Visitor: 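Questions regarding the structure given below will be posed in turn.
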There are 2 protein chains.
Amino acid sequence: MSTIDQSLILLINLSKAQAVVSRRFDKLNIYGIGFTEFIILYLLHESAEGKLRRIDLAESTGLTASGVTRLLLPMEKTGLVGREADKRDARVSYATLTDAGKQIFSNTKNAAENLAAEILPPDKLKKADQLIGLLAGL
Amino acid sequence: MSTIDQSLILLINLSKAQAVVSRRFDKLNIYGIGFTEFIILYLLHESAEGKLRRIDLAESTGLTASGVTRLLLPMEKTGLVGREADKRDARVSYATLTDAGKQIFSNTKNAAENLAAEILPPDKLKKADQLIGLLAGL
DNA sequence: GCAATATAATTGAGTACTCAAGTATATGTC
DNA sequence: GACATATACTTGAGTACTCAATTATATTGC
């Protein structure tokens, strides 16, 4: 018998789940990137022009602007991500997906999907579309 | 149209959601504790004898043993948590919930529940018992 | 045009954790 | 009992982030 609300229990479980998932995804390191880097590559890959403003990456990942800056620096150094100014807004700096970045994303994608399927077997997702919607809405 | 599996998308969303939640729960700081500390107090409060082995706390929170040690140290210093040896196993050190800890948990609980309800309105949880199960199983 | 306010990105410093190594103890097998 | 292996916890060092402050630029309202 629990003494706190379901919402809170769910968020507590969420916190623990994320820690577990994060550790499991450390395996991506063999491809030279971590989970967060993989997410960045995915987001850039999915974007309309293979580029996104840093502030958009921050929003999509839940990181702060500062966190994105720090995450992108080594990725720029290793050539996975480029940088592009915006013609109309001097404040903006785009992160762009390089060919090397596409390659790494490609190489890594299957491993990431396999990991995800281990953690969340697809049959368990039948009724979890709500979960996706719920989490995506946060 | 996404180019990766649903499982992976869900885990990416999970990661972002946790970051957002974590930041929202920073508000608990006015009670002198953070979200993780709150979780510890909750787990101890729910335990049969108001005490848990550190390794159990690590398992339940998703932290490492080392993380638990570091988290509990300031909590012991402020008196929220005590420490107790095990009569039969000299390796074990229990974390115990002190009266001060109970008080803080009590004081904080409503705030935490309100925050959780803001983030996850209870009506959105109708079919979410599965979600809880899914996350708890990780 | 100007000032107030908002936005985007970066940097310095701090925080909350993990990993790896180490110590002490328990367990299982011979 | 001896030894190999496993378990629980702690500590040193490193990692991945956040917050706060700053700079530059854009937007809004007068």
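Labels below follow one simple rule: chain letters A, B, ... track the order of the sequence lines, proteins then strands, and each chain is numbered from 1. Source: prediction; values computed, not measured.
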Visitor: Base, sugar-phosphate, or nothing for B/Ser93, non-hydrogen atoms under 4.0 angstrom?
Guide: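 The residue B/Ser93 makes sugar-phosphate contact but no base contact.
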
Visitor: Apply side chain to side chain donor-acceptor pair (under 3.5 Å) to A/Asn114 and list each qualifying residue two or more places apart in sequence or on a separate chain.
Guide: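 Checked A/Asn114 against side chain to side chain donor-acceptor pair (under 3.5 Å); zero matches.
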
Visitor: What pairs with A/Lys16 under side chain to side chain donor-acceptor pair (under 3.5 Å), at least two apart in sequence or on another chain?
Guide: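 If we apply the side chain to side chain donor-acceptor pair (under 3.5 Å) test to A/Lys16, skipping adjacent residues, there are no hits.
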
Visitor: Reading DNA chain C from 5' onward, which residue's closest nucleotide shows up sooner: A/Arg83 or A/Ala19?
Guide: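 Here A/Arg83 is the residue nearer the 5' end.
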
Visitor: For A/Ser60 versus A/Leu43, what's the shortest heavy-atom pair and its separation?
Guide: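 Heavy atoms only, the tightest pair is CB-CD1, 3.6 Å.
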
Visitor: List in chain and number order the residues that pass side-chain contact (heavy atoms from CB on, under 4.5 Å) with B/Ser15, two or more places apart in sequence or in another chain; answer none if no residue qualifies.
Guide: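 Expected list: A/Gln18, A/Phe35, A/Ile39.
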
Visitor: Report yes or no: do A/Leu97 and B/Ile4 belong to one cluster of Ile/Leu/Val/Met/Phe/Trp/Tyr joined by side chain heavy-atom distances under 4.5 Å?
Guide: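 Yes.
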
Visitor: Name the residue closer to the 5' end of DNA chain D, choosing between A/Arg88 and B/Val92 according to the nucleotide with the nearest heavy atom.
Guide: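 The answer here is B/Val92.
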
Visitor: On DNA chain D, which is the earliest and which the latest nucleotide, 5' to 3', with an atom closer than 4.0 Å to a heavy atom of chain A?
Guide: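 From 5' to 3', the first and last contacting nucleotides are D/dC17 to D/dA26.
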
Visitor: Can you list every ring-ring contact (aromatic ring centres under 6.0 Å, His included) pair that touches residues 72-103 of chain A, not counting sequence neighbours?
Guide: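 Matches after skipping sequence neighbours: none remain.
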
Visitor: Under 4.0 Å between any heavy atoms, over every strand shown, what does B/Ala65 touch: base, sugar-phosphate, or nothing? Just pick one.
Guide: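 The residue B/Ala65 makes base contact.
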
Visitor: Among pairs that include at least one residue of residues 96-124 of chain B, which meet ring-ring contact (aromatic ring centres under 6.0 Å, His included), considering only residues two or more places apart or in two chains?
Guide: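 Pairs touching residues 96-124 of chain B that pass the test: B/Phe38-B/Phe105, B/His45-B/Phe105.
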
Visitor: Partners of B/Ala90 by side-chain contact (heavy atoms from CB on, under 4.5 Å), sequence neighbours excluded?
Guide: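 Listed in chain order: nothing, the list is empty.
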
Visitor: Enumerate the residues from residues 67-78 of chain A whose closest heavy atom to DNA chain D is under 4.0 Å, giving them by residue number; use none for an empty result.
Guide: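 Heavy-atom cutoff 4.0 Å gives A/Gly67, A/Arg70, A/Leu71.
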
Visitor: Do any side-chain atoms of residues 68-76 of chain B form donor-acceptor pairs under 3.5 angstrom with protein atoms, and if so which ones, sequence neighbours left out?
Guide:
{"from": "B/Thr69", "atom 1": "OG1", "to": "B/Ala65", "atom 2": "O", "distance (Å)": "3.2"}
{"from": "B/Glu76", "atom 1": "OE1", "to": "B/Arg83", "atom 2": "NE", "distance (Å)": "3.3"}
{"from": "B/Glu76", "atom 1": "OE2", "to": "B/Arg54", "atom 2": "NH2", "distance (Å)": "2.6"}
{"from": "B/Glu76", "atom 1": "OE2", "to": "B/Arg83", "atom 2": "NH2", "distance (Å)": "3.4"}

Visitor: Under the side-chain contact (heavy atoms from CB on, under 4.5 Å) rule, collect the residues that match up with B/Thr78, sequence neighbours excluded.
Guide: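 With sequence neighbours excluded, B/Thr78 shows a side-chain contact (heavy atoms from CB on, under 4.5 Å) to B/Leu80, given in chain and number order.
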
Visitor: Using five base pairs at each end, measure the axis-to-axis angle across the helix from C/dG1-D/dC30 to C/dC30-D/dG1 and round it to 10 degrees.
Guide: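 End-to-end axis angle: 40°.
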
Visitor: Please list residues of residues 20-28 of chain A whose heavy atoms come under 4.0 Å from any atom in DNA chain C, ordered by number; otherwise none.
Guide: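 Correct list: A/Arg23, A/Asp26.
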
